[in-house]
There are 2 protein chains.
Amino acid sequence: MKSTKDKKTEERILESAKRIFYLKGIDGARMQEIADEAEINKAMLHYYFRSKEKLFDAVFAEAAGLILPKVSELLNSEMPLFRKIEYFTDKYITLLSENSVIPAFVIREMNNNPTKFFRIFNKYFSVKPEIFIKQIRKAVDEGEIIPLDPMQLHINIMSLCIFPFIARPLIMNIFGMNEKAFVNFINKRKREIPEFIINSITNKSNKKHK
Amino acid sequence: MKSTKDKKTEERILESAKRIFYLKGIDGARMQEIADEAEINKAMLHYYFRSKEKLFDAVFAEAAGLILPKVSELLNSEMPLFRKIEYFTDKYITLLSENSVIPAFVIREMNNNPTKFFRIFNKYFSVKPEIFIKQIRKAVDEGEIIPLDPMQLHINIMSLCIFPFIARPLIMNIFGMNEKAFVNFINKRKREIPEFIINSITNKSNKKHK
DNA sequence: GTATTAACTAACCATTTGGTTAATTTCTGT
DNA sequence: ACAGAAATTAACCAAATGGTTAGTTAATAC
């Protein structure tokens with residue numbers, strides 16, 4: 001092999017592609033830029049991935065494959081509701097912190113090209129939300145939590161976890177945070193969010209109505 | 001004037017540009033496409049707006065000018081906290097419903113080019129969040145609500161309102177909604193969100209500690 | 001009516017961009 | 001060592017794209 005660098009070309013391409021695509025999206029990304037970043041000839045991109053779209057798909061699939069199965073797993077784990085909300089929030093925010101540009105990337109591409117998005121998405125996210133929804137409904141029925149629409153609660157949880165990552169520049173700007181302050185802010189949320197949610201849905205008058 | 005159409009060319013360009021830019025972002029949009037949609041010659045785009053970027057700026061500024069002042073106004077309105085949360089949520093969601101593609105658009109462009117974003121943003125969003133933050137802090141101090149970080153609460157409110165618009169295709173897909181069901185879902189949130197929040201932050205043991 | 005300006009068009013241009021090709025180098029198995 | 005395969009490169013290509021220009025038509029002023 002020619003390259004003096006340790007990693008294989010294909011892997012280096014994918015890594016550069018990830019960085020560029022995550023940051024600029026498929027429309028904003030340039031094949032030349034990806035090649036430059038990987039320090040290889042542009043033709044190599046096509047040699048390994050045939051086209052820009054295929055390369056993008058590989059990147060996208062990797063992002064999806066990294067996040068979605070874990071979300072599914074968290075959502076379907078067998079756990080009492082409150083503990084699950086705490087567990088989910090903590091683990092999910094940790095996961096997003098470790099991949100903090102992915103949410104904005106996914107949201108952008110989803111809105112850009114929903115058709116393609118769901119083709120890939122459904123491949124990794126076979127698990128449906130019914131289990132969690134059912135669990136919430138059961139908790140309502142048993143009077144463990146106040147009456148509410150399980151779907152709304154589910155989406156509330158997701159909103160609270162994901163939104164700050166998507167709106168990160170805005171939040172940092174408005175509240176005058178630097179990188180460190182933002183990380184700190186996010187870490188606090190791991191505990192704040194479940195507290196916020198559980199506070200809201202707890203049935204204070206502990207009478208079970210059934 | 002030549003055109004048989006009622007509206008002036010400049011306005012028609014802006015409207016087409018809005019539709020295209022909102023949907024595809026600055027990178028995904030094509031000047032030719034905007035011209036086609038407006039049913040005018042591509043040169044007219046440059047005649048009226050000089051460049052793609054200037055045209056985009058006009059669109060972006062209009063979107064910002066449409067949303068941001070109203071948000072500022074809502075956030076700074078003088079109202080008791082609970083009523084304000086209810087009022088804000090209702091009015092803000094209504095506003096976003098009427099401009100339902102703007103959130104995803106703004107988020108995309110913000111993450112694409114934060115520098116430019118905040119140049120325009122700060123022009124329209126001069127009002128800072130301090131007033132609302134202070135109001136929350138006061139409510140905490142007076143024992144009206146439980147102890148909490150005002151910033152976290154503020155961001156929770158925003159998350160709950162905005163996120164569903166950004167993640168709309170996802171939500172519709174996962175929960176099998178059609179257009180109508182989604183509108184319905186959003187409308188319900190106008191009441192669900194403030195209830196959710198107020199439930200969470202209300203001091204149930206009504207002893208004021210001061 | 002005529003001159004001047006504004007609005008508009010078609011054709012054109014330079015650059016960028018994704019993609020290809022033909023030739024060369026490096027690897028690998030024997 | 002050597003043949004064939006895999007990896008790599010530089011140069012090239014066609015299409016797309018933002019932008020321009022020179023000329024035309026329509027409106028406005030006088």
Side-chain angles (χ1 to χ4, degrees), chain A residues 1-62 105 108-109 112-113 115-116 120, chain B residues 1-62 105 108-109 112-113 115-116 120:
Chain A
M1 215 179 284
K2 235 183 183 175
S3 169
T4 57
K5 293 290 171 68
D6 36 353
K7 276 175 194 159
K8 298 201 193 67
T9 330
E10 188 173 350
E11 199 179 331
R12 294 187 40 209
I13 292 175
L14 243 174
E15 250 166 63
S16 305
K18 257 160 53 179
R19 234 168 307 164
I20 305 286
F21 278 136
Y22 283 176
L23 212 64
K24 311 198 169 182
I26 190 171
D27 292 328
R30 298 288 153 246
M31 294 296 266
Q32 189 58 58
E33 200 184 353
I34 295 171
D36 289 348
E37 177 130 336
E39 290 177 285
I40 47 105
N41 190 294
K42 180 164 69 86
M44 287 286 89
L45 301 186
H46 293 94
Y47 180 75
Y48 282 104
F49 294 91
R50 294 195 63 84
S51 72
K52 185 186 186 185
E53 192 168 356
K54 291 254 174 59
L55 176 56
F56 175 81
D57 285 357
V59 168
F60 193 85
E62 196 185 304
F105 167 71
R108 169 178 25 201
E109 301 305 332
N112 249 17
N113 193 341
T115 315
K116 175 196 277 196
I120 304 181
Chain B
M1 220 178 280
K2 236 182 186 176
S3 168
T4 57
K5 294 288 169 67
D6 37 350
K7 273 176 197 161
K8 294 200 191 86
T9 329
E10 186 171 351
E11 200 178 332
R12 296 190 35 212
I13 292 175
L14 242 175
E15 251 165 62
S16 306
K18 256 161 54 179
R19 236 169 305 166
I20 305 286
F21 278 136
Y22 282 176
L23 212 64
K24 312 197 168 182
I26 190 171
D27 292 328
R30 297 288 153 248
M31 293 298 267
Q32 189 58 60
E33 202 184 351
I34 294 171
D36 289 348
E37 177 131 337
E39 290 177 288
I40 46 105
N41 190 295
K42 182 164 68 85
M44 286 286 92
L45 302 186
H46 294 95
Y47 181 77
Y48 283 103
F49 293 92
R50 294 196 63 83
S51 71
K52 186 186 187 185
E53 192 168 354
K54 291 253 172 60
L55 176 56
F56 174 82
D57 285 358
V59 168
F60 192 87
E62 196 185 306
F105 167 71
R108 169 178 26 202
E109 301 305 332
N112 248 16
N113 193 341
T115 314
K116 175 196 276 192
I120 303 180

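Chain letters run A, B, ... following the sequence lines, proteins first and then strands; every chain starts at 1. Scope of the values below: all heavy atoms of this structure, side chains included, with no hydrogens, waters or symmetry mates.
- With distances taken from any side-chain atom of A:Tyr47 to the nucleotides D:dG18, D:dA6, C:dT9, the minimum falls on D:dA6.
- A side-chain N or O of B:Asp36 and one of B:Gln32 form a donor-acceptor pair less than 3.5 Å apart.
- Separating the CD atom of A:Glu53 from the C1' atom of C:dG18 is a distance of 12 Å, rounded to the nearest angstrom.
- With C:dG19, D:dG18, D:dA10 as the choices, the nucleotide that has an atom nearest any side-chain atom of A:Ser51 turns out to be C:dG19.
- Nucleic acid contact class of B:Tyr48 (heavy atoms, under 4.0 Å, all strands): sugar-phosphate only.
- Taking every side-chain heavy atom of B:Met44 into account, C:dT9 is the closest of D:dT8, C:dT9, D:dG19.
- At the phosphate of C:dT20, neither OP1 nor OP2 sits under 4.0 Å from any side-chain N or O atom of A:His46.
- Salt-bridge formation is detected for the pair B:Glu33/B:Lys24: a Lys NZ or Arg NE/NH1/NH2 atom is positioned less than 4.0 Å from an Asp or Glu carboxylate oxygen.
- A straight line from CZ of B:Arg50 to C1' of D:dG19 spans 11 Å, rounded to a whole angstrom.
- Distance, A:Phe49 CZ to D:dA7 C1': 14 Å, rounded to whole Å.
- In the set C:dG18, D:dG18, C:dA10, the nucleotide with an atom closest to the side chain of A:Arg30 is C:dG18.
- Rounded to whole angstrom, the span from the NZ atom of B:Lys24 across to the P atom of D:dA16 amounts to 14 Å.
- Atoms CD1 (B:Ile13) and P (C:dC8) sit 8 Å apart, rounded to a whole Å.
- Rounded to whole angstrom, the span from the CD atom of B:Gln32 across to the C1' atom of C:dC12 amounts to 14 Å.
- Between the CD atom of A:Glu33 and the P atom of C:dT16 there is a distance of 14 Å, given to the nearest Å.
- Between B:Lys116 and B:Asp57 there is a salt bridge, since at least one side-chain N of the basic residue sits less than 4.0 Å from a carboxylate O of the acidic one.
- Contacts of A:Ala35 with the nucleic acid, taken as non-hydrogen atoms under 4.0 Å apart, are absent.
- Proximity of a side-chain donor or acceptor of A:Arg108 to a complementary backbone N or O of A:Leu23 within less than 3.5 Å is detected.
- Nearest nucleotide to the side chain of B:Lys42, out of D:dT9, C:dA7, D:dG19: D:dG19.
- Considering only heavy atoms from C-beta on, A:His46 comes within 4.5 Å of A:Met31 through its side chain.
- If you measure from atom CG of B:Asp27 to atom P of C:dT17, you get 10 Å, rounded to the nearest angstrom.
- The side chain of A:Thr9 lies closest to D:dA7, out of D:dG18, D:dA7, C:dG18.
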